[in-house]
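Both counts, for ligands and for their atoms, begin at 1 and track the order of listing.
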Amino acid sequence: MAKLAFPISEYIQRQRNFYSKLPKDTLLIIPANPSAIRSNDVHYPYRANSYQMYLSGWNSEGAVLTAQYIDGNWMTSLFIQPKDVTMEIWEGRRIGTERAVSEWPIDEAYSLNDLIPKLEGFLEDCKQVHLIQNLSSEVDNLINRTLTISTTDPSSILDEMRVYKSNLEINMMKQSAELASNAHVLAMQASYSGINEFELQAVIEGYFISKGSQWSYPSIVGGGDNGTILHYTQNNCLIEDGDLVLVDAGCEIEGYASDITRTWPVNGKFTEPQKEIYDLVLNAQEATIAACQIGNSWESMHEAASDVIARGLIDLGILNCSFEEAIGKNRDGEFRKFFMHGAGHFLGLDVHDVGGGRGTDPGPELQAGMVLTVEPGLYFGSWRSDVTFPQKYSKIAVRIEDDILITKTGPVVLTKNCPKTLEEIENIVGN
Ligand SMILES: [Mn+2]
C-alpha cells in the first residue's frame, strides 16, 4: 500500500514556500497525469505527476490537488478515488479520504466523484486560477467555461523550487545513483562477445526490480553502430567481438531519478582507436565536472566539454581545421558533427528535470543543492553519409555520464562508485 516518501514536515515546508509566492485570491489546481491505454483494458504503467508528488507525496492514480487561502490559512485538498469494494477487487486497495487526511500532508480529502461541483464552489471564492493545463480535460473545460477567471501556469514557480534539492531529496538521489551504479557494474561483469543487447538490459532492469526500483527512462543498450543512435531503445542485436557497448540506464526511487551512461568493450579489451576516443570523452567529462562550481553559468559546462572535445578531435586528425572553426562562433562549429547533444541536464523527480538549460533555454547560474548530469559523448557511426573521419574510428560511440551535486566545496559525483577509467573497466568486464 502507498506511503509517503518523506516525513510530513518536508511537504509542509514545500507547501508553505510555494503558497507564499501565490496571490491569496487564487485557486491552485494540479491534476494527476492521465493514464494511457495500451489496448482494451490494459493500461501503460502509471507514473504520478511530479508536481503532485513534490507537494503532497501522493502517487496514486487520478488525484486532483487544490489549494486556496481561507480565513488566514492555505488549505490543501486532494480529490481521490473513493473507497469502492467492487473497483478495489479489480484494481487494488484504495487509501480513502479518511486515511489520506490523517497520513498525507493535506487538510481535506474528497471523492473524485464530487470534483466538479466542489471546484465550482471553490471558484466562487477566488478571482483567479493557478492551473497546470492539459492534464485533465474535465478541469480544463470547467475553467474555460468560467469566463470571468484568469488562468496562470504555476509550474515556473514550482520549477524554481524543485531545482534546489533538500537534504532528504539528496539522500534519496544518492540511493538512486548507488543502485544504478551497481546495475552498470553487473552488466559489465555479465558482458561477453556475442551477448545480445537485451541480455544486458535484463541484467540492469532485473537488478532495479530486485531492489524495489524501476527504470527512470527506457534503457539504452547499443552495441557498435547502435551506440551512435542517441535514443536507441530497440536493444535487440548481438554485440560482436571488438565492439563497444554504450549503456545509458538509470532507475528511480520514490520518483527520484538517476541517469548513468557507461561505455565498454564487450570483450573486455579496448582497441587503440577506442582508447583514444574513450580517453578524449573522459577528459572532456572530467573538465566539465570541474566546471560544476557555484556561480558558473550553465553554458560554462558546455564550454568546458566542447573545448576539450574540439581540441582532441583536431589532435586525433578527425577534424582538419583551426580550433576556431572546430569550436565555431556560438559553440556550433565542426565538433558538433560528432558531439551533437548538450553537456548535461538537471536531474530530480524527472530524469530530464525542470529548471531550464535544455534546448534554447540558457539555464540558470549553478548553485549549491542543484543536481545535474554531465555527459559528453562522441559518435562515429559507420552509416553516417554526412561526415568523413578516419576509418579506424568507424562504429565507435562513447558517452560517459555521471550525476553531480553542486556544493559549497565543489562538485560531488553521486555516481562515483560506477567505474569509468580504462583500467577499471578492462578489469571488470567479463569478470
Ligand atoms: Mn542523461
Side-chain angles (χ1 to χ4, degrees), residues 47 50 159 162-163 165 169 172-184 187 200-201 204-205 208 213-222 226-233 235 244-253 255-264 281-282 284-289 291-292 298-299 301-302 304-306 309 336 338-359 361 363-364 366 370-379 397-406 411-420:
R47 173 50 155 75
S50 295
D159 293 352
R162 282 175 52 188
V163 164
K165 271 65 180 178
E169 286 180 298
M172 204 67 92
M173 294 191 74
K174 279 182 180 164
Q175 291 175 43
S176 187
E178 190 62 30
L179 281 193
S181 298
N182 296 344
H184 279 256
L200 292 180
Q201 179 184 0
I204 288 167
E205 294 180 13
F208 291 160
S213 178
Q214 61 186 342
W215 52 252
S216 52
Y217 54 95
S219 306
I220 296 170
V221 182
N226 293 340
T228 70
I229 312 296
L230 299 178
H231 289 164
Y232 176 77
T233 51
N235 303 349
L244 293 175
V245 59
L246 184 155
V247 175
D248 186 343
C251 60
E252 63 176 30
I253 301 184
Y256 287 89
S258 50
D259 182 359
I260 298 181
T261 308
R262 287 293 184 269
T263 309
W264 62 86
V281 174
L282 186 56
Q285 204 235 10
E286 280 168 351
T288 312
I289 293 173
C292 290
W298 182 264
E299 181 62 16
M301 291 190 293
H302 189 59
S306 51
I309 294 278
R336 295 296 283 170
F338 305 106
F339 171 31
M340 51 296 270
H341 53 78
H345 53 82
F346 278 126
L347 189 68
L349 279 170
D350 294 311
V351 65
H352 291 162
D353 207 27
V354 297
R358 291 180 48 74
D361 185 292
L366 301 183
M370 292 177 171
V371 178
L372 45 85
T373 69
V374 168
E375 52 176 310
L378 281 171
Y379 312 89
V398 175
R399 180 164 67 252
I400 307 171
E401 175 177 32
D402 282 304
D403 303 345
I404 312 294
L405 167 68
I406 313 270
V412 173
V413 183
L414 302 181
T415 43
K416 63 179 186 314
N417 290 340
C418 197
K420 68 175 170 183

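Looking at D402 and R262, a side-chain N of the basic residue comes within less than 4.0 Å of a carboxylate O on the acidic one, giving a salt bridge.
Distances from the Mn ion (ligand 1) under 2.8 Å pick out these protein N/O/S atoms: D259 OD2, H345 NE2, E375 OE2, E401 OE2.
The two residues S181 and I260 have their closest heavy-atom pair at N-CD1, 3.4 Å.
For S50 and D350, the side-chain atoms include at least one donor-acceptor pair closer than 3.5 Å. For the residue pair Y217 / H231, no side-chain donor-acceptor distance below 3.5 Å is found, with atom types taken as modelled.
Using a 4.5 Å heavy-atom threshold, the side chains of W264 and V247 count as touching.
Taking the six-membered ring where tryptophan is involved, the planes of W298 and F346 are tilted, since the angle between them lies from 30° to 60°.
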